[in-house]
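Owing to the predicted nature of the structure, the values given are computational and were not obtained by experimental measurement. Throughout, protein chains are lettered first and strands after them, A, B, ... in sequence-line order, and every chain is numbered starting at 1.
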Amino acid sequence: MDKYDPIKIEEKWQKIWEKEQAFKASEDNLKTADGRPRAKMYLAEMFPYPSGAGLHVGHVRNFTIVDVLARFYRQQEMNVLRPFGYDTFGLPAENYAIKTGISPKEATKTNIDNFRKQAKRLGLAIDWSREINTSDPEYYRWTQWCFLQLYKKGLAYRKESEQWWCPVDQTVLANEQVEGGKCWRCGHEVEKKKMKQWFFKITDYADELLDDLSSLDWPEKIKVMQKNWIGRSEGAEIRFQIIFSDTAEKSRHVRDFSAELGSSRWDSSSEEESQICVFTTRPDTLFGATFLVLAPEHPLVASLVTDETREKVEAYIKETQKKSDIERQENKEKTGVFTGSYAINPATGEKIPIWIADYVLIGYGEGAIMAVPAHDERDYEFAKKFDLPIKTVIEKPENSDDDSECYGGEGKLVNSGEFNGRDASDAREQIVAWLEEQGIGKGKVTYKMRDWLISRQRYWGCPIPIAYDKNGDPHPIPEDQLPVLIPEVEDYKPDNSGRSALAKAKDWLKVTIDGEEMTRETDTLDGYACSSWYLWRYVSPHDNQSAWNKDAIKYWAPTDIYVGADHAVAHLLYIRFWCKFFADEGYLPFREPVKTLLYNGYINAPDGRKMSKSKGNVIDPLDVINSGYGADTLRTYEMFIGPYDQDASWDTNSIGGVYRFLSRCWTLCFNNNFSKNDNNLIRNKTIKRVTQDLHRRSFNTAVAALMEYVNELYKAGPEKEDVIALAKLLGPFAPHLSAEMLESLGADDVWPTWDEAALIEDEIEIVVQVNGKLRAKIKISAEGAKNQAAVESKALEDENVQKFVKSTPKKTIYVERAKLLNIVA
RNA sequence: GCCCAAGUGGCGGAAUUGGUAUACGCGGUGGACUUAAAAUCCGCUUCCUUUACCGGAUUAUGGGUUCGAGUCCCAUCUUGGGCACCA
């Protein structure tokens, strides 16, 4: 018998699979060989960014999860689509180009070739004919088409606004790409910069994106993150009449913040300029509003200051501007100044002071609040510090254990005029109705989510298919002129003009549309736009008539299982947004792109820290394969390492155990020493366990079950049938070894089924407890186990049981399902 | 601060519906084979007591419900993740 030589057999099978295009998917593959219908199954991982460093062990885990499921469903004779692609636009390739002069296009090609070669060595069951690459003009032509569809419907628009700007990468960033005030790519602190930018109007779908979360088979933590990100709050906007102080500046020097806020909320008549609009989720506490607070950037501030307060207010505003957003977030100590003016609480008619403070944010709600210190933590803190009145309007219920001075809960209204005695929850609606009657407010919903900023001032991205006429007005590039190709340039470096390197391609900039000379847009699209539709491209990746073929999409999509480890609120929100948009446009027959989302954990270095080049603790999967372990061991090890959705640390010793296990599988098959032993029980048990474990995605215990099976076959001696079952069950984890074994055994790879009857044992072991403590194990016939009295009398015969049961038992509990008898003595 | 998840041997982890806690693997240890080592094969390996059996303790800590709790409830501690002045 030859020794198990993974390198040899893996090369052999990879060649065979390549030649036979073994995993090519077709929507015509509807029936099994014996005529039963095949269900479709579409699985994908989040496609990788092919970095120069090649595959790392995290990719292997991610790809293997998809592969195990793909092969499992395939062996169960389903029609499986399992494609692969590359997310290739982005900063690393461009920064590499700036450093080395090698074009991003060239570097990307090299990296893809390397990635593909490495992925193939894992033995993945991929339909390689469907490979896609987002920086391929054949692909980004359709990204541009998608943009134009959004543009046509007004969901891609341009506006001037303050945006996050990374001074290192010299580009703006989406809110989703700013992590803790820092650039997600380079980690440098971001700044605000006012620029005219392109946006996608994701906020149009805020409600649906929120509501549909409940129907998704996604991890709860992702749903919560998306819910928080959308940040829907229901409440009311209320207008407060301003009493201008005599010395308050009447000639308005209202600064223009309307662009900043993306609306014309404050482009208003003089009547509205004498009012302050606030947003609140607690209109029921209106009677307790004892002052107003405006964000320092609020445009009305300039007209509220008086001669006495001007100096202080201006100093405060200056101080706030100096602070970075991070500093503002870090320092929670309340600060603020009085403007000098007052407003009227519309409910009480009382005159209340107007303050400014940086704990009120200009970007949320109305940039102004009514402060109810008795029932809001922050307002309470502020009122205490500046000695402002606190007025209770909600009575704390008597049974409440909340003993803080500031009560934010529910209760009955007091000090609230005609609303006294009402429940706060009812009063919310009633007060809003009253405000509407009075014409001074209305019910309103606000969201934390902002529109998706998609402009990037970078070279290596999908050009935005827009050109500008002489007046600077945008025009879409006609669809028949797509793709707008990325021009070749000498120097990829952005300058600080706020324009990408595309601006350096002078000839490319000129374009004629409808006989008119225009200048092309030089911004490129956020890479997330390119990945927002790729799951649909996979169904017809080479279609040159449409982004995706309607029949193919109807058959394959939506994606049944999508596996990733990142992008909870960016990519995973964007694909849902595009899906809903294209469903509205009639291009998709479903409104959610992914049925089941699996979110796998990371693999850390043996010391538990993140793997990184700088720490020198990176495990290279190719080294693991080439060291002699092979891909099957690597794959099986990464499935055995722990639950797929938890982080795990690499253990260099443990992988040896998996290799030993596969070697033992090999030995069982190839030492030509089959016995005639009856292993029906353990074989059927194992088939059942592995099948059920795979259905519930418990990959680590499925491998453990196979290990136990092999250990038992070593002891008992295997029948040929036992080894055939083993080879089939190994298929998802160790496909090369499985194929080699099945070939030698002359068997197909169809997933085995178990015989429930074979699982019934002749003699059953019953656990006997006395007062819940294990005291004996007795054996009884299957027939006897059905009879509680028989089990009891047998148990009481046991010497050890007798030691603990001195008199007649008070009670006995027999659980046949658990094979357990508990005697209460 | 708020929300969520988790805490089980020396280590990674298992226990699917409240029913034998510690499966499987690593590490350790003893033996077989070998001149020897590696590889391989066969044992043992939660802790305490014990040559062994028997027994006792144990799933972060403290209570509770139950015939029976790693699993359910309450409180506390620790770790990880998310959100973080969002009115």
Nearest-angstrom distance from the residue atom [atom1] of [X] to [atom2] of [N]:
{"X": "His375(A)", "N": "rC85(B)", "atom1": "NE2", "atom2": "C1'", "result": "19 Å"}
{"X": "Tyr599(A)", "N": "rG81(B)", "atom1": "OH", "atom2": "P", "result": "13 Å"}
{"X": "Trp229(A)", "N": "rC4(B)", "atom1": "CH2", "atom2": "P", "result": "21 Å"}
{"X": "Arg697(A)", "N": "rU16(B)", "atom1": "CZ", "atom2": "C1'", "result": "14 Å"}
{"X": "Ile764(A)", "N": "rU20(B)", "atom1": "CD1", "atom2": "P", "result": "16 Å"}
{"X": "Ile603(A)", "N": "rG13(B)", "atom1": "CD1", "atom2": "P", "result": "12 Å"}
{"X": "Leu361(A)", "N": "rC83(B)", "atom1": "CG", "atom2": "P", "result": "16 Å"}

Given rG13(B), rA15(B), rA87(B), the nucleotide with the shortest approach to the side chain of Asn700(A) |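 Within the option list, the nearest is rG13(B).
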Options rA87(B), rC24(B), rU20(B), nucleotide nearest the side-chain atoms of Met707(A) =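 Of the candidates, rC24(B) comes closest.
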Could you pull out all residues at least two apart from Phe661(A) that satisfy ring-ring contact (aromatic ring centres under 6.0 Å, His included)?
->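 Partners of Phe661(A) by the ring-ring contact (aromatic ring centres under 6.0 Å, His included) criterion come out as none, since no residue qualifies.
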Report the residues that fulfil ring-ring contact (aromatic ring centres under 6.0 Å, His included) with Tyr637(A), sequence neighbours left out, ordered by chain and then residue number.
->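 Only Trp650(A) meet the ring-ring contact (aromatic ring centres under 6.0 Å, His included) criterion with Tyr637(A).
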So, does Arg61(A) use its side chain to make a donor-acceptor pair with the main chain of Ile603(A) at under 3.5 Å?
->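 No, Arg61(A) side chain to Ile603(A) backbone: no donor-acceptor pair under 3.5 Å.
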So, the side chain of Asn345(A) versus the backbone of Leu286(A): is there a donor-acceptor pair under 3.5 Å, distance only?
->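 The answer is yes, because a donor-acceptor pair under 3.5 Å joins these two groups.
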Test item: side-chain donor near acceptor, Ser233(A) and Tyr364(A), under 3.5 Å |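 Tyr364(A) and Ser233(A) do have a side-chain donor-acceptor pair below 3.5 Å.
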What salt bridge (charged side-chain N to carboxylate O under 4.0 Å, His left out) pairs are there with at least one residue in residues 795-805 of chain A, not counting sequence neighbours?
->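 Found none.
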Quick one: which residue pairs count as a salt bridge (charged side-chain N to carboxylate O under 4.0 Å, His left out) with a foot in residues 690-703 of chain A, not counting sequence neighbours?
->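 Of all non-adjacent pairs touching residues 690-703 of chain A, those that pass salt bridge (charged side-chain N to carboxylate O under 4.0 Å, His left out) are Asp693(A)-Arg696(A).
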Let me have a per-nucleotide readout for nucleotides 37-43 of chain B, 5' to 3', with B, S or -, counting only protein heavy atoms under 4.0 Å.
-> ---SSSS
Give the B/S/- string for nucleotides 44-59 of chain B, one per nucleotide from 5' to 3', where a protein heavy atom under 4.0 Å of the base yields B, of only the sugar-phosphate yields S, and otherwise -.
-> ----------SSSS--
Base, sugar-phosphate, or nothing for Lys448(A), non-hydrogen atoms under 4.0 angstrom?
->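 Lys448(A): base contact, heavy atoms under 4.0 Å.
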Would you classify Glu708(A) as touching base, sugar-phosphate or nothing, given that sugar-phosphate means primed atoms plus P, OP1 and OP2, and contacts are heavy atoms under 4.0 Å?
->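 The residue Glu708(A) makes sugar-phosphate contact but no base contact.
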Please enumerate all residues that pass salt bridge (charged side-chain N to carboxylate O under 4.0 Å, His left out) together with [X], with sequence neighbours excluded.
{"X": "Lys610(A)", "result": "none"}
{"X": "Glu410(A)", "result": "Arg428(A)"}
{"X": "Glu381(A)", "result": "Lys334(A)"}
{"X": "Arg576(A)", "result": "Glu592(A)"}

Glycosidic conformation of rG9(B), syn or anti, with 90° from 0 as the boundary?
->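 Classified syn.
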With no angle test and no hydrogens, is the base of rC67(B) tied to the side chain of Lys810(A) by a donor-acceptor pair under 3.5 Å?
->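 For Lys810(A), whose side chain was compared with the base of rC67(B), there is no donor-acceptor pair (under 3.5 Å).
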Members of residues 813-825 of chain A that approach RNA chain B, where some heavy atom sits under 4.0 Å away |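 Close to the strand are Ile813(A), Val815(A), Ala818(A), Leu820(A), Asn822(A), Val824(A).
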Can you give the dot-bracket line for RNA chain B, where a pair is Watson-Crick or G-U wobble with both atom distances under 3.5 Å, crossing pairs use [ ], and | marks a partner on another strand?
-> (((((((..(((......[....)))((((((.......))))))(((......)))..(((((..]....))))))))))))....
Salt-bridge contact Asp5(A)-Lys3(A) (side-chain N to carboxylate O under 4.0 Å) |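 Salt bridge absent between Asp5(A) and Lys3(A).
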Considering only NZ, NE, NH1 and NH2 on the basic side and carboxylate oxygens on the acidic side, decide whether Arg689(A) and Glu708(A) come within less than 4.0 Å.
->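 Glu708(A) and Arg689(A): salt-bridged.
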In whole angstrom, give me the gap between the C1' atoms of rA87(B) and rU78(B).
->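 Straight-line distance between the two C1' atoms is 34 Å.
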